[in-house]
Enquirer: 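Dropping a structure here in structure tokens format, bear with me for questions.
Keep in mind the model is a prediction, meaning the values are calculated, not measured.
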Amino acid sequence: QVQLVESGGRLVQAGGSLRLSCAASGRTISTYAMAWFRQAPGKDRDLVAAISWSGGRTYYADSVKGRFTISRNNAANTVNLQMNSLKPEDTAVYYCAADLTISMWPGNLPREYSYWGQGTQVTVSS
């Protein structure tokens with residue numbers, strides 16, 4: 001069993017930066033693919049970024065490419081999402097997700113991930 005807890009979400013002005021962190025417990029995540037999803041009110045839960053267990057492969061949604069960076073520190077059992085140049089459209093609840101098996105990289109559907117955090121709210125004011 002893997003427990004994931006997100007932190008770092010808050011209100012920020014457009015153009016600002018924010019760093020989200022996902023802390024894992026119960027198991028080490030060194031062999032897990034990790035991802036960040038986000039969900040705005042009335043919208044689907046969409047993949048934002050993903051990173052392979054080795055960190056050698058990453059994926060970014062077109063809407064965040066060049067602004068967001070996903071990283072992992074397996075020794076610390078954490079995954080981070082650095083968000084720069086934030087826009088009001090980035091407002092959402094952000095979720096950390098993990099899974100041992102991703103059949104087709106990057107695994108862009110929520111059902112492909114077995115473990116989830118409770119989410120952290122990011123609000124970007126215009």
Enquirer: Restricting to non-hydrogen atoms, name the atom on Y113 and the atom on A50 that form the minimum distance, rounded to 0.1 Å.
Expert: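 Minimum heavy-atom contact is OH-CB, 4.2 Å.
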Enquirer: Atom OG1 in T91, atom CD in Q121: separation rounded to 0.5 Å?
Expert: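 So the OG1 of T91 and the CD of Q121 are separated by 7.5 Å.
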Enquirer: Output the distance between atom CG (L100) and atom CZ (R27), rounded to the nearest 0.5 Å.
Expert: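 Going from the CG atom of L100 to the CZ atom of R27 covers 6.5 Å.
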Enquirer: If you round to the nearest 0.5 Å, how far is OH of Y60 from CZ of R67?
Expert: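 Here the interatomic distance stands at 12.5 Å.
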Enquirer: Roughly how far, to the nearest 0.5 Å, is the OH atom of Y32 from the OG1 atom of T101?
Expert: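 Between T101 OG1 and Y32 OH, I get 9.5 Å after rounding to 0.5 Å.
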Enquirer: Hydrophobic cluster membership, with links at side-chain heavy-atom distances under 4.5 Å among I/L/V/M/F/W/Y: are Y59 and W53 in one?
Expert: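 Looking at the clustering, W53 is in a separate group from Y59.
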Enquirer: Check whether V122 and V48 end up in the same hydrophobic cluster, where Ile, Leu, Val, Met, Phe, Trp and Tyr are linked by side-chain heavy atoms less than 4.5 Å apart.
Expert: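 Yes, V122 and V48 fall within the same hydrophobic cluster.
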Enquirer: If you apply the rule side-chain contact (heavy atoms from CB on, under 4.5 Å), what do you find for E112 with D99, and how did you get there?
Expert: CA-CA 7 Å; E112 298 181 63; D99 205 280; over 6 Å; no
Enquirer: Shortest non-hydrogen contact from Y115 to V2?
Expert: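 Minimum heavy-atom contact is CD2-O, 3.6 Å.
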Enquirer: Search all heavy atoms of D90 against all heavy atoms of S85 and return the closest pair with its distance.
Expert: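 Taking every non-hydrogen atom into account, OD2-O, 4.5 Å.
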Enquirer: Could you grab the distance from atom CZ of R19 to atom CG of N84, nearest 0.5 Å is fine?
Expert: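 One finds 10.0 Å between CZ of R19 and CG of N84.
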Enquirer: Around atom CD of Q118, are there more than 12 heavy atoms from other residues, nucleotides or ligands closer than 6.0 Å?
Expert: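 Counting other residues, nucleotides and ligands, CD of Q118 stays at 12 neighbours or fewer.
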Enquirer: Indicate the atoms forming the closest heavy-atom contact of S25 with N77, along with that distance.
Expert: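 Where S25 meets N77 most closely, the heavy atoms are N-ND2, 4.2 Å.
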Enquirer: Check the hydrophobic clustering (I, L, V, M, F, W, Y; side-chain heavy atoms under 4.5 Å; chains of links allowed) and say if I70 and Y95 are grouped together.
Expert: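 Different hydrophobic clusters.
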Enquirer: Measure up the W116 and F37 rings against each other and bin them: parallel (under 30°), tilted (30 to 60°), perpendicular (over 60°).
Expert: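 Ring orientation, 0 to 90° scale: tilted.
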Enquirer: Between D62 and K65, is there a salt bridge with N-O shorter than 4.0 Å?
Expert: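 Looking at K65 and D62, the cut-off is met.
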Enquirer: Do N73 and T78 meet the criterion of a side-chain donor-acceptor pair at a distance under 3.5 Å?
Expert: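 Their side chains do not contain a donor-acceptor pair, so the 3.5 Å distance test is not met.
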Enquirer: For a quick test of reading the model, state the closest non-hydrogen atom pair linking T58 to G55 and the distance between them.
Expert: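 Nearest pair, atom of T58 first, then G55: CG2-O, 4.4 Å.
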Enquirer: Please verify the inter-ring angle class for F68 with Y94; under 30° counts as parallel, over 60° as perpendicular, anything in between as tilted.
Expert: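 Because their plane-to-plane angle lies in the 30° to 60° range, the rings of F68 and Y94 count as tilted.
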Enquirer: Distance alone, cut at 3.5 Å: any donor-acceptor contact between the side chains of Q82 and N80?
Expert: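 No, no side-chain donor-acceptor pair sits under 3.5 Å.
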Enquirer: Could you check whether any side-chain N or O of R72 sits under 3.5 Å from a backbone N or O of S52, counting only pairs where one atom can act as donor and the other as acceptor?
Expert: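 It does hold such a pair.
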Enquirer: Show, in sequence, the C-alpha distance, side-chain angles and deciding distance for E6 and L20, and conclude whether the side-chain contact (heavy atoms from CB on, under 4.5 Å) test is met.
Expert: CA-CA 7 Å; E6 305 95 337; L20 305 183; over 6 Å; no
Enquirer: In terms of hydrophobic clustering (I, L, V, M, F, W, Y; side-chain heavy atoms under 4.5 Å; direct or indirect links), are L47 and I51 co-clustered?
Expert: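 The answer is no; the residues belong to distinct hydrophobic clusters.
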Enquirer: To the nearest 0.5 Å, tell me how far K87 NZ sits from S126 OG.
Expert: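 Between K87 NZ and S126 OG, I get 14.0 Å after rounding to 0.5 Å.
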Enquirer: Go through the steps to decide whether V64 and R38 satisfy the test side-chain contact (heavy atoms from CB on, under 4.5 Å), and finish with yes or no.
Expert: CA-CA 12 Å; V64 307; R38 68 185 181 187; 3.9 Å; yes
Enquirer: So which atom in C96 and which in M34 form the shortest heavy-atom distance, rounded to 0.1 Å?
Expert: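 Minimum heavy-atom contact is SG-CE, 3.8 Å.
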